[in-house]
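In listed order, ligands and their atoms are each counted from 1.
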Amino acid sequence: MPVTYMTHPLIKHKITLIRKPETGSSEFRKLVDEIAIMMGYEALADLPTKNVEIMTPMEKTVQPVISGKKPAVVPILRAGLGMLNGILALVPTAKVGHIGLCRDPETHLPQEYYCKLPNAIGERQIVVIDPMLATGGSAVAAVNLVKAHGGKKIKFLSIVAAPEGVSALMAAHPDIQLYVGCLDHCLNEHAYICPGLGDAGDRIFGTD
Ligand code: PRP
Ligand code: URA
């Protein structure tokens, strides 16, 4: 499926702000939350609806509501947690799964340390969230896990991506829908995105 790149000026503006080193954790978290709301709004535009009969103060009418099983939101720990509240603001009844992955500093390969996903995941729209798509190793591993548990309809939301990560994820999982806030230039020798924003987990949680 084609990759969707965000074009809204408000998303672009807020991504510029989170790149600045002087943006502290509190402001960084707020901006990531706002970006996630805007990206989620775009990515969830095809949620299915059904018509139901309701009563207004004036009369009976038939109107649309979201249909089907509740969606599942799956943040990749830790940094994906920064986008969770934004997506839950849009879909408050969504189920939440967690996938814990941490990149080995030498090999840059993801190490799995946790996985807990909602039941009946094969019947749900799944939204995997992680602000950073660098080599793509973590994203590929996360989608592997979701599929191994039966997940089928998968959207992946990433705020900043490197071309290498987009290629790796779409080569491994061409059936998913990928939404990218901004496509950056390249990876450096430590597999960090350039210009990027540094380590997203550290910036969200104030660690280093
Ligand atoms: C970061 C980021 C992604 C991953 C991207 O997590 O949040 O999960 O790196 O890199 P990749 O595309 O090369 O796999 P990290 O492993 O630093 O863990 P953290 O969120 O706990 O800091
Ligand atoms: N993980 C991050 O948090 N930032 C990068 O640039 C690459 C991986």
Side-chain angles (χ1 to χ4, degrees), residues 3 5 14-29 31-33 35-36 39-40 73-87 96-117 126-148 151 154-174 176-208:
V3 181
Y5 295 96
K14 288 172 195 290
I15 293 176
T16 299
L17 296 181
I18 58 173
R19 293 184 189 278
K20 295 178 166 187
E22 61 267 30
T23 301
S25 286
S26 150
E27 186 64 10
F28 192 95
R29 278 197 293 269
L31 288 162
V32 167
D33 188 51
I35 294 165
M39 289 187 65
V73 191
V74 182
I76 302 179
L77 308 180
R78 292 174 301 164
L81 287 175
M83 299 173 72
L84 179 60
N85 283 342
I87 305 300
V96 181
H98 295 85
I99 291 178
L101 296 170
C102 189
R103 286 202 320 180
D104 181 286
E106 302 298 325
T107 65
H108 309 134
L109 294 173
Q111 314 293 318
E112 181 192 334
Y113 60 88
Y114 190 74
C115 181
K116 179 88 177 171
L117 297 172
I126 301 149
V127 184
V128 184
I129 48 178
D130 190 330
M132 308 307 279
L133 180 59
T135 65
S138 304
V140 170
V143 176
N144 285 346
L145 280 166
V146 169
K147 286 186 175 175
I154 303 170
K155 293 175 188 278
F156 194 105
L157 273 57
S158 151
I159 296 178
V160 177
E164 294 89 333
V166 172
S167 300
L169 181 56
M170 296 321 290
H173 297 294
I176 73 167
Q177 288 176 284
L178 173 60
Y179 298 83
V180 170
C182 187
L183 184 66
D184 277 11
H185 296 316
C186 61
L187 296 176
N188 71 9
E189 65 275 24
H190 304 295
Y192 272 80
I193 302 172
C194 292
L197 50 78
D199 189 300
D202 284 347
R203 297 203 57 187
I204 289 169
F205 296 109
T207 50
D208 53 28

Arg103 side chain to His108 main-chain N or O, any donor-acceptor pair under 3.5 Å?
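A pair under 3.5 Å: no.
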Beyond-backbone contact of [X] with [Y], side-chain heavy atoms, under 4.5 angstrom:
{"X": "Met132", "Y": "Leu197", "result": "yes"}
{"X": "Arg19", "Y": "Cys182", "result": "yes"}
{"X": "Val128", "Y": "Ile176", "result": "no"}

Neighbouring residues of ligand 1, heavy-atom cut-off under 4.0 Å:
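Ligand 1 pocket, heavy atoms under 4.0 Å: Leu77, Arg78, Ala79, Leu101, Cys102, Arg103, Asp130, Met132, Leu133, Ala134, Thr135, Gly136, Gly137, Ser138, Asp199, Gly201.
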Amino acids in close contact with ligand 2, where any non-hydrogen atom sits under 4.0 angstrom away
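The answer is Arg103, Met132, Ala134, Ala191, Tyr192, Ile193, Gly198, Asp199, Ala200, counting any residue whose heavy atom sits under 4.0 Å from ligand 2.
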Which distance, rounded to the nearest 0.5 Å, do you find between the CZ of Phe28 and the CD of Glu22?
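Rounded to the nearest 0.5 Å, the CZ-CD separation comes to 12.5 Å.
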From Lys116 NZ over to His98 NE2, what is the distance, rounded to the nearest 0.5 angstrom?
11.5 Å
Please assess Arg78 against Thr207 for the test side-chain hydrogen bond (donor to acceptor under 3.5 Å, both in side chains), listing each intermediate value before the final yes or no.
CA-CA 11 Å; Arg78 292 174 301 164; Thr207 50; 3.1 Å; yes
Partners meeting side-chain contact (heavy atoms from CB on, under 4.5 Å) with Cys115 (sequence neighbours left out)
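side-chain contact (heavy atoms from CB on, under 4.5 Å) list for Cys115, sorted by chain: Ile99, Glu112, Leu117, Leu145, His149.
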Under 3.5 Å, side-chain donor or acceptor atoms of residues 187-196 against the rest of the protein: list the pairs with distances, not counting sequence neighbours.
{"unit_1": "Asn188", "atom_1": "OD1", "unit_2": "His190", "atom_2": "N", "d": "2.8"}
{"unit_1": "Asn188", "atom_1": "OD1", "unit_2": "Ala191", "atom_2": "N", "d": "3.2"}
{"unit_1": "Asn188", "atom_1": "OD1", "unit_2": "Tyr192", "atom_2": "N", "d": "2.9"}
{"unit_1": "Tyr192", "atom_1": "OH", "unit_2": "Asp199", "atom_2": "OD2", "d": "3.0"}

